[in-house]
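Here is the structure we will look at, set down as structure tokens.
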Amino acid sequence: MDTVKLTINGKEVTAPAGSTILEAAKSAGIYIPTLCYDEAVEVYGACGVCVVEAEGIPKLLRSCSAKVSEGMVINTESERVVKSRKIAMELLMSAHDGDCVAPCQLACPANTDCQGYVGLIANGEFDAALKLIKNRIPLPAAIGRVCPHPCEKACRRKKVEEPINIAQLKFFAADLDLKGDSYIPECAEDTGKKVAIVGGGPGGLTAAYYLRQLGHEVTVFDMMDKMGGMLRYGIPEYRLPKEILDAEISLIEKTGVRLCNNVKLGRDITIDMLKKVNDAVILAPGAWKSSPMRVRGEDAQGVYGGIDFLRSVIQGSPVEIGERVAVCGGGNTAMDACRTAVRLGAKEVYVIYRRTEKEMPAEEIEIKESKEEGVIYKFLTNPTEIHSENGRVTGMTLQLMELGEPDASGRRRPVAIEGKTEYLPLDSVIMAIGQKLDTADFSDLELTDRGNILADEDYFTTNIEGVFAIGDATNKGASIAIEAIGEADRCTKVVDAYLKGVKYEASSPYISKRDDEKVDVSDREVKPRTNAKVLDADYRSKCFDEVSLGLTVDEAKKEAERCLECGCREYFKCRLLSVAQRYDIKPERFAGAMPQKYTHDENAFIERNTAKCILCGLCVRSCREVMDISAIGLLGRGFTTSVSPAFALPLDQTKCTNCGLCVKLCPTGALTEKSTMKKQVPLNEQYSIEHCELDGKDCEVLVSRYGGKVMRVVPNNDNARSVDRFELINKFVKE
């Protein structure tokens, strides 16, 4: 065989004469991105991303078609090449209308694959759902109960009727796991590296859980009697039973994490002490100090901070509140405080909020259930003075308010109505307006103007080498538990790299997102949301039993089946996305009218979405050149060209045999295998479950025959799904 020698990226390569630059690079282990190329079909050269630069040749060459020659010097990543690929990708992505990831996952601070585990629950694969959740959240039973679920606020199902009940599905799967043989992840071989974590709340426990899985020795120090942080000491029992939290923390401990309670920074340990015996330190102390209201008289006996009040109840020694209680604030801590006051026997419980109910940040269900329990709301009021006699609270003067222009939060600013006040007789006041870090034990650290630990928002580093900080104690201050969990997950990656002595690059890779305003779901069947049953208000208001009874198996599956599956199922193997993420692309530069309408066509086996198509032609060419069927082709000319079944018929009315080759070759997810395929194919006389061996694996497949001819071959177990789809099909077609 005649060969030629050339140089690619400084590496000398020998290739057969007549081969292409792409083939030569591939044989030498040098990657050149391609989208419209596959060895099974003739070269097309449409996508333009495989271009390379050759010395002495003015124009860039398409490596899929350009032939090698003796002495050729090729650069596959020169400045010109990268610029050209970026433009090509921007043009392609500007006409690609699809969601790489579902909006619910993007809205989750922990980046939980909501669509993934909801889909698994719909299919009854509860163990797999739990494991997927625990890839991001080590405390799903607790978080599912208390999270204000920003995922649901982003859920597109609300455009049909109501969002998916994502939070309750999360703790449904977690509760099943806790009742059975609970999942404990495998941990990597010990690295010999030690990490100390200060704070056993959701952030600290999450960091410990994932660092231990990476093989590091982890010790968590917490100042309280038990681990859990605000999940334990700030969330009432009726929302989060502590035996549930204990069970989940126990699973974290079983991975090998060492938990040390009643150890306080500044009293028992110092940062310097921890640094001397550990390779890294993570600070996740939380925010345990209630924010003052700064009104006259708030130092009177009977005025309590929201988290201080809740902690006293949880520890079994509730403070004295009397019969008439006012809770100042509009968040979930205020809801916890007012509902707890009801359960302690207060006869009149008021919530004082300076805006209207519409502007309250608290969960709608919390407001609704508190009203059912007898809580009285006084909207558009603001405390100006707390009155007392002999040092004890007797009442409060409220300034009446009205709404003005929106403030920085987007909510309309409350404005005092001059001369209008109201007096409210009271026995106690609970201030649930926020919380902050107690800075007394953090004097060695650089703090923000707000008194929080200053930590890099991408790398979580502090002003002390080897000391990282996450959660409520940092930067912006107190937030929801899932925020701390998300930060902890990202921080573990940074710390792991630090321990290995390598640099970690924090980045936000490009993903495609649809414009929510243009998403049409008018064709979807209305299916009411399934909510878990709750205890009767009259009963629950007198005890601390858990209010929610949770979803049954049937309810959970029914609810999960409502998911619209917005995110692309090809996300993890999408070649288009893989190439897009290699370059800093900005497709919005070429934004314009989408050339193809977002259409959905399917049969029992294949789903087709033309809006994701980039006109690479692989499906058309493989159907024609390999299968000799031509069930699909290119329709139209120019910018409006689209891939369409013959005569624009639905897929199931063409000659398509559902061989799956077009699905295998599609680089974008425009053609995908139907996710619920095996449930939708009836096992009658035309179908049979058969086995074959491929790549040393026992592959179970669903085979459809008509008149003795194999019509469809569908993978039916993990082995069959993991091997080459085209080889699997040929195995049965040839036989």
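Computed from a predicted structure; not experimentally measured.
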Residues Lys558 and Asp554 bridged, charged N to O under 4.0 Å: no
Minimum heavy-atom distance Asp698-His691, with the two atoms named: OD1-ND1, 3.2 Å
Shortest non-hydrogen separation from Trp288 to Arg311 and the atoms involved: CE3-NH1, 3.3 Å
Flag, side chain of Glu555 to backbone of Thr552, donor-acceptor distance under 3.5 Å: yes
Residue list, side-chain contact (heavy atoms from CB on, under 4.5 Å) with Val534, at least two apart or on another chain: Glu369, Arg540, Val547
Residues Arg343 and Glu373 bridged, charged N to O under 4.0 Å: yes
Atom pair CD1 (Ile249) and CD1 (Ile244), whose distance is rounded to the nearest 0.5 Å: 11.5 Å
Atom pair CD1/NE2 of Ile482 and His149 - distance to nearest 0.5 Å: 12.0 Å
Lys153 and Pro163, any side-chain heavy atoms less than 4.5 Å apart: no
Where Leu251 and Lys134 come nearest, the two heavy atoms and their spacing: CD1-NZ, 3.7 Å
Verdict with supporting geometry, Asp99 and Cys568, side chain to side chain contact (heavy atoms under 4.5 Å, CB included): CA-CA 6 Å; Asp99 289 300; Cys568 184; over 6 Å; no
side-chain contact (heavy atoms from CB on, under 4.5 Å) against Thr255, all qualifying residues, sequence neighbours excluded: Ile184, Pro185, Cys187, Tyr209, Arg212, Val257
Shortest non-hydrogen contact from Cys104 toward Cys114: SG-CB, 3.5 Å
Heavy-atom side-chain proximity of Asn719 to Glu700 below 4.5 angstrom: no
Partners meeting side-chain hydrogen bond (donor to acceptor under 3.5 Å, both in side chains) with Asp489 (sequence neighbours left out): Lys493
Heavy-atom side-chain contact between His216 and Asp190 under 4.5 Å: no
Working for side chain to side chain contact (heavy atoms under 4.5 Å, CB included), residues Cys699 and Cys692: CA-CA 5 Å; Cys699 298; Cys692 71; 4.0 Å; yes
Qualifying residue, where the test is side-chain contact (heavy atoms from CB on, under 4.5 Å) with Glu217 and the options are Lys193, Lys194, Arg258: Lys194
Leu671 versus Val663, closest heavy-atom pair with distance: O-CG1, 3.8 Å
Flag if over 12 foreign heavy atoms under 6.0 Å of NZ, Lys226: no
Residues Lys368 and Glu372 bridged, charged N to O under 4.0 Å: yes
side-chain contact (heavy atoms from CB on, under 4.5 Å) involving Asp268 - partner list, sequence neighbours excluded: Val263, Lys264
Trace of the side chain to side chain contact (heavy atoms under 4.5 Å, CB included) decision for Leu265 with Phe221: CA-CA 9 Å; Leu265 189 70; Phe221 300 96; over 6 Å; no
Polar contact flag, side-chain donor to acceptor under 3.5 angstrom, Asn135-Asp113: no
ring-ring contact (aromatic ring centres under 6.0 Å, His included) contacts in which one or both residues fall within residues 113-138, not counting sequence neighbours: Phe126-Phe172
Aromatic ring proximity, centroids under 6.0 angstrom, Phe468 and Tyr498: yes
Carboxylate-amine/guanidinium proximity below 4.0 Å for Glu570 and Lys573: yes
Heavy-atom closest pair, residues Gly116 and Leu132: C-CD2, 3.5 Å
Under-4.0 Å salt bridge between Glu546 and Arg145: yes
Greater than 12 external heavy atoms within 6.0 Å of Lys275's NZ: yes
Note, Ile235 side chain near Met230 side chain (heavy atom, < 4.5 Å): no
Those residues that, when tested against Glu186, pass side-chain contact (heavy atoms from CB on, under 4.5 Å) (two or more places apart): none
Heavy atoms of other groups near Lys476 NZ, more than 12 under 6.0 Å: no
Modelled atom types, side-chain donor and acceptor of Asp545 and Tyr539, under 3.5 Å: yes
Identified salt bridge (charged side-chain N to carboxylate O under 4.0 Å, His left out) counterpart of Arg529 within the set Glu559, Glu161, Glu152: Glu152
Option among Ile307, Val313, Leu310, Val146 that satisfies the side-chain contact (heavy atoms from CB on, under 4.5 Å) test with Asp336: Leu310
